[in-house]
Amino acid sequence: MAVLRTTRRLLRAVRTHYANRRRDASLRDCDPRMLKDIGLRWERGKLMPIHSEHPASAEPQAGGSAGSKLSAAESMHEVCPRCGARLA
């Protein structure tokens, strides 16, 4: 059972990788203004959204305990998702 699940995950990851490559290749020739209208931008060779949904300061730290993830989730509600400013 574990082998079957691992194989399915691997195949899904490969499919996703190649689908993302096709998408990026189709958008590579687009004008930056057109990408901005769509809500995307190129950053260091990767296609990124202009406005991410989660501020970078509220992401949980790797290797943290469950308590740190809870505090990160709480702090996400204290920060504006659009501009990153602290809420009162």
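- To the nearest 0.5 Å, the span separating CZ on Arg21 from NE2 on His17 amounts to 5.0 Å.
- Rounding to the nearest 0.5 Å places CZ of Arg23 at 10.5 Å from CZ of Arg28.
- The side-chain contact (heavy atoms from CB on, under 4.5 Å) test with Arg8 singles out one residue from Leu10, Leu11, Leu4, and that residue is Leu4.
- Atom CG of Leu40 is separated from atom CG of Leu47 by 4.5 Å, given to the nearest 0.5 angstrom.
- Put simply, CG on Leu35 and CE on Met48 are 13.5 Å apart, with the number rounded to the nearest 0.5 Å.
- What you find for Asp31 and Arg33 is that their closest heavy atoms are OD2-NH2, 2.8 Å.
- Under a hydrophobic-cluster definition in which Ile, Leu, Val, Met, Phe, Trp and Tyr are linked whenever side-chain heavy atoms come within less than 4.5 Å, directly or via other members, Trp42 and Ile38 are assigned to the same cluster.
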